[in-house]
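What's counted below: heavy atoms across the whole structure, side chains too, no hydrogens, waters or symmetry copies.
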Amino acid sequence: MTGNVAVVGGGIAGLETAVRLKALGWNPIIIEKSSSLGGHVAEWNCLFPDLAPADKLVKELVDAADGIEIHTDTEIASIFYTRKSYSIVLSDGSRFMCDSLVLATGFSLFQAEKKEEYGYGIYDHVITNRDLELWFNTGSDERVPSDPKAIGFVHCVGSRDIKAGNTQCSKVCCITAIKQAIELKEKFPKAEIYCFYMDLRLFGRKYEDFYIRAQRDMGIHFIRGRVSEVSETIDGRVFVKAEDTLSGKPLRVSLDLLVLMAGIVCNRENTTLAESISVQTDEDGFFRSRDNITHITESDRPGVFFAGTCTGPKTIPETLAEARSAAISVDAYLKSLK
Amino acid sequence: MIYQGKQKIWSEYQKEIPDDHWFYVRSCIRQSFFPGAEKHFLKITRDLLGKDIYETEHHTTCGGIAYHCDTIPQETAMTIVARQFALMTEAGYENLVASCITSFGNYCETIETWREFPELEARIREHLWKACRREFKVPKYVAHASDLIYKFRGEIAEKAKFHLVNKATGEPLRIVEHIGCHYSKMFPHKGVGGAEYPCVLSGMAEAWGGEVIDYPERRHCCGFGFRQYLVRANRGYSMSNTHKKFESMEPYHPDVIITNCPGCPFFLDRWQYVISETEGKTYGQNGYGIPVLTYEELAGLVLGYDPWDLGLQMHQVAVEPLLDKMGVPYEPSKKYLGLDEKEIMKPGLPTVLKCC
Amino acid sequence: MDFGFSLSPSSAVNLDRTDMSLYEMLCDREPTARTCIGCGSCSATCTASAISGMSVRKVLLGIQRGQYREVEKMLSHCMLCGKCTMVCPRGVNTRHLILELCRLYGNSEGEL
Amino acid sequence: MRERFASGFDPFVIPFLIGMAFVLGYCLFGMLRIWFQLPRKDRRKVVLSLITPKGIWKNVKDIFANCLLHVKLWKRNPVLGYMHSSIAFGWFMLIVLGHIEVWLFLPERLRLFYYPIFFNFFVAESESTIQGAVIFFLMDFFLLVVLSGIVLAMIKRVRSRIFGMRRTTNPSFLDRIGLYALWSIFPLRLLCESFTAHISGGSFLTLPMNWIFRQFLGNSMNALPTWWAYSIALGVFMCVLPFTRYMHIPAEMMLIPLRNAGLHILHPRKGFARLQFFSCPGCGVCIDACPMSAKKENIKDCTVYLNRQLRRGNEERIEQISDKCLLCGKCTAVCQVGVQGPEMRIAQRMLRRYAVNQHYTDIDPTKFVPEGGSSAKVLYFAGCMTHLTPAIGRSVRSVLDKAGVGFKMMDPDGGLCCGRPMMMAGRREQTRELIRINTDIIRASGCNTLLLSCPICYRIFKEKYSLEGIRVVHHSVYFDELIKQGRLKISGKTLRKLAYHDPCELGRGCGIYEQPRSAVSAVGTLVEAEKNREESICCGGSLGSLSLSYEKRKDITLASLRNLTVADPDTIVTACPLCQTTYGNYSEIPVKDIAQLIDDASK
């Protein structure tokens, strides 16, 4: 027995699991395909509902992971199960044995260009939630106008959309849209902001307060109706068609910026990874847990565990809690091997 | 507008269009609206491009108008379609090309329905056999006639005598393309360029030198809507739809509208007259309307055919301003002469809309 | 010329051309107006709705959609009984909102 | 007594004379203005009330008791009462005694206005003066009384809690000038009279002081500057009086006869209302009483501030204050001069012009057919609020059934509003229209008793509807009768402690305090709230307030609950569906309507 645990994915779930495993006396090894740690959270500017800076969270986790073996720009080349341990070969040529595997492969952001009618990548002022966070970080994106009069947010882009192949709710977009709308309103107080939603799913504590703040203090307009079609006006603005389902009337508005709330979809590499270690994925492409209520972090396969959004859309606190839970499960498993 | 974004989408919606050997089915209404269009499709494909296009006098309506007016049940419509397929099979063809967008949509819908519900196909075969003792094979490829012209747009451009360019200024003509609703809105992958940004017509326009304009109501229906027009009480609604499109395209000052559907050019053309009479508004320059052409007519113009042979005198909105811009020569005095050089009667002039 | 038909007016709401000044003035005077979530509790319990089309939800929506005439009609049936205020989950001060709106009507520019 | 100056005049009286002339002129003008602002009907009423001996006697008695002796204040807090009556009555007696002195000794000088005030300056003691010793004693005595009042007033400025007042008003600038002038008048008078006591005579207070002064001040004419100061203090006080809270002194004297004549406020700035806000002494008793002052930010919205803003004509604040008030009526209940805060606010709301005016002309009264036995004589109107608390409605019906009372339900599926909320919003036309339609429905029912389970409805049915021949009764009263008559058998009397809350509209609004208590006592052990009956505290849910938001009412409700639960009750009982709902949102112990309680305890 080596005491090694391979943690696939260096996002917040992978980092937290590794940190906890290390504290429990095991030797985690993080395998991250990109060149930096922190995953999607590292791209974000600040987090709901307290507007806490995302980089602080990531930095804390990365700092805590000091001393842990981390392979960035690396993927798993091959994996074999041999006598209660896994033999792993990485794309950088290194190889090692481990007793357990934690999959923290996270999610992919829905590709907004797939919803062709919204014209992402075609119209000059259509961006995604991720683009907006990058703009908050860098301040440079020529698609964001300098003095917008009207801004729209489209909720559920690629979520709860059978045509887009994703039936699940992405869980975090509603509150993210409200957060971003508030941030934009603070930056552009004169701009009218419209949120086009199907249902507002603001389930978490403080989220409703955030919503009330957006309505009452920020004067953000919430329009119940899905944007059906986006086009461009002669002066390059974004022209949006939706139904205001509360008044039962078609609604038109031209905007200077349209933000698409691209949803959480499964990591596209889940399927290949699942095949190579014989774990299951569900129809939606997320990993299948042994049990959706009591054993969300465990797979059907001994020694393989899940953490974070690879088993479905989750918030950051949920992801972190699950990472800790996965670490405990791994610990119990490894002790049982002794 | 980011052109590369559209190109990316177009690359995802390229359908396979065989090069040759097509069984051609005509539209019910186009020959009375714009009689030169189908004739010139055959002229261009057969004579100019040397393709094998077969047609038979035995084919009937596809049932699409009745189907979309809710006057015949689906099984009846499918049996009619099956008969067309039988005619094609009997003639030894596998590729079906439809002149009409609704027919094209109807064929696609029938084939897709049969794919999902094979038992329905079996039943239709039975119906067809009982009705007329015919059998059929489902076509291998179904195309709309504009798909073919799109496919051969480069060859047409090579043979072009005129371009979609304002001869006086050298600027490309501003072209509005209007795609029939049944072309790709039902099955995006059946249309060139998909449903949101179809490029079947814009591809032609660009290949022949024009500049396509994308205006907010581009995707909107022409207003025909079958029962919306056919039932007189609904006609105001039909016209309002067309009006909305014109209001939306007006700021772009289009030089011409091209269409690929039987109904659309008719309504975009005739409603300009009705709107001018009721609202006093015209959308072209100097009191003219915006000329509305079918893609065959436009191809014909590009290829240098005589405008009056193309049947452009049958349009409500005068096409002369467009001809002047393109530099196409025409004889005004021959506008209303038939093939036999005899007068075919001149229409009365509208009170508001300027015509030649 | 009469063709026996004419353009039908658009039923669409164009927010670019909708005058929101009345709504904004109302929100200045009764800020809770902004917090409506359109649940319809007010309309369901409304004493006047049984005898007219009164609905505070529709009133609030209507003034954001330029439907001033319909809103005026609804407002004219309110009895100020306060049931809507009591059932509102968001604590919208509906009675004040209605009274202020009744006052503001006609003050606002536009097509009122 | 003999005169020291033949002219009977000295220039120092001029400030006093100016002040006196100004204040008299001002008050006369103001009185006439108010008089002519009254509608003709009201003026007739007042005149008629003034010519009967009974009316005159009542007015004199009220003026004496309220303006001079401040009887109400004594009841509220003896120290506060003493402070006010010592100054008012003491001063009054000084003036009266001054006149008696002049009348006794120098009757020919009685026509000089200032003579009784500065009597001691102008006269010297003579042999005959010994008869005046009693008067001298009384003068010194009342001066001492007033001075004691002034000392208390000074203490009150610093420590109002001793006087039972948590919060007082902030005096305005002119108020302060008036206040300081008033404070200085009597110490100065003491000094003046002490300086001249060896010449003009004095008593136990002034003579000893005179003796002390003379030890180091030789020339008695040193006293002149002091007399100047005294006169100036009086002059200043009277000149600023119309612009300060002290205007209440003359205004109240006119208010009392007008109120006794039974006038109502019709306009918030004119006539009766004008007299009321000038009568406001700005004492601030209403601040502590006001349920809104549970929240500090609302303090400036109490009636005393409304009166101040009305005097100043600050339209914006008047509007705000008028809209915010809960109209619970408690300020009126505690007010020493009886300023009708809620009525003034409703009058202010009536002034408003609306672009959209409600109308109910298209409502057909015949569509509202009461449901129930055709021979039933009791018509039960649940009203809007009871419809939101169906348990109350059910209990009322159940109790009626148990008592064998046949009844009809006026609004089984919801009816029209009674009109009280409209009335509170100041919309008279709309109220009238609702009253008309409801009256038609009630009349058509053929019933002779209208039973109500909501005090809001009850009040307007009682006050504004003309329902001759039909008894309008609140369910708490009706059920109490049923119990007393033995028609309703109480089987389940408990020992549980029940705190009864007097709903504003039922208690202060309609004066019903005893019957609900009697009914509650019949089913349990009644305990009282700290403040109850006339001084019960509004639950905070009142429809009276137009602008107070839900969140801002929370503190009011909590304060009211604290008041209700001092006796540690097991259940809070009220007789108003709105109070029940409001308390229900925050109360930790059950809140029940009296109907539910009776229903549970009866068989």
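- The closest side-chain heavy-atom distance from C/Phe3 to B/Arg235 is not below 4.5 Å.
- Enclosure of atom NZ in C/Lys73 is not indicated, since only 12 or fewer non-hydrogen atoms of other residues, nucleotides or ligands lie within 6.0 angstrom.
- Counted by atom type alone, C/Ser6 and B/Thr278 present zero donor-acceptor pairs between their side chains at under 3.5 Å.
- Atom NZ of B/Lys6 sits in a crowded spot, with more than 12 heavy atoms from other residues, nucleotides or ligands closer than 6.0 Å.
- For the residue pair B/Tyr237 and C/Ser8, the shortest heavy atom distance occurs at CA-OG, 3.5 Å.
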